[in-house]
Amino acid sequence: LAAIVTALPGCFMIIIVGGLLKWVPQAFFPGFYSFASGAIFACALFLLLPEGLHMLGAGQDEVTGTWTWGVAIMLGWLLGIGIHVSAELVFKTSHSNSDAVLAWPEKNQ
């Protein structure tokens with residue numbers, strides 16, 4: 001019973017947001033997806049990873065270890081993106097999307 005009561009607010013929010021999304025222009029969806037993936041990524045780094053890396057933060061308080069590891073890993077990920085984008089700009093390469101399946105079904109026909 002406690003698990004059901006705990007899950008109900010999340011289920012209600014999914015129903016409410018799902019109902020409201022039909023009035024949102026589709027141009028906003030890529031931003032929503034980016035925000036959602038960033039939120040999941042940040043939760044994984046700032047909540048789960050520090051627990052696994054607890055032994056590596058010996059000698060520091062928990063807050064310092066958590067933000068240090070989380071920020072370092074996120075900056076490393078962003079550095080990889082920066083290198084990729086700058087290499088595309090320098091070497092003038094582009095990816096062909098002719099074989100890619102688009103996110104919107106009506107554009108796949």
Check your understanding: When hydrophobic residues are tied together by side-chain contacts of less than 4.5 Å, even through go-betweens, does Trp23 share a cluster with Phe29?
Key ->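 Looking at the clustering, Phe29 is in a separate group from Trp23.
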**Study point:** Co-membership, hydrophobic cluster, residues Val71 and Ile81, 4.5 Å side-chain
**Key:**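 Yes; Ile81 is reachable from Val71 via cluster members.
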Exercise for review: Calculate, to the nearest 0.5 Å, the distance between atoms CG and CG belonging to Leu75 and Leu79 respectively.
Suggested key: 8.5 Å
Check your understanding: Between CE of Met13 and SG of Cys11, what distance do you get to the nearest 0.5 Å?
Key ->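 Atom-to-atom, Met13:CE and Cys11:SG are 12.5 Å apart.
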**Study point:** Non-hydrogen atoms of Pro30 and Ala27 that approach each other most closely
**Key:**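 Shortest heavy-atom separation between Pro30 and Ala27 comes out as CD-O, 3.5 Å.
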Review point. Should side-chain heavy atoms under 4.5 Å link Ile, Leu, Val, Met, Phe, Trp and Tyr, which residues sit in the same cluster as Ile14?
Key: none
Practice item. Using the six-membered ring wherever Trp is involved, compare the ring planes of Phe32 and Phe28 and label them parallel, tilted or perpendicular (cut-offs 30° and 60°). Key: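 Geometry flag for Phe28 against Phe32: parallel rings.
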Practice item. Determine the sole option in Ile15, Leu21, Leu20 for which the side-chain contact (heavy atoms from CB on, under 4.5 Å) test with Val17 is passed. Key: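 Among Ile15, Leu21, Leu20, the one that satisfies the side-chain contact (heavy atoms from CB on, under 4.5 Å) with Val17 is Leu21.
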Point to revise | Heavy atoms of other groups near Leu78 CG, more than 12 under 6.0 Å | key: yes
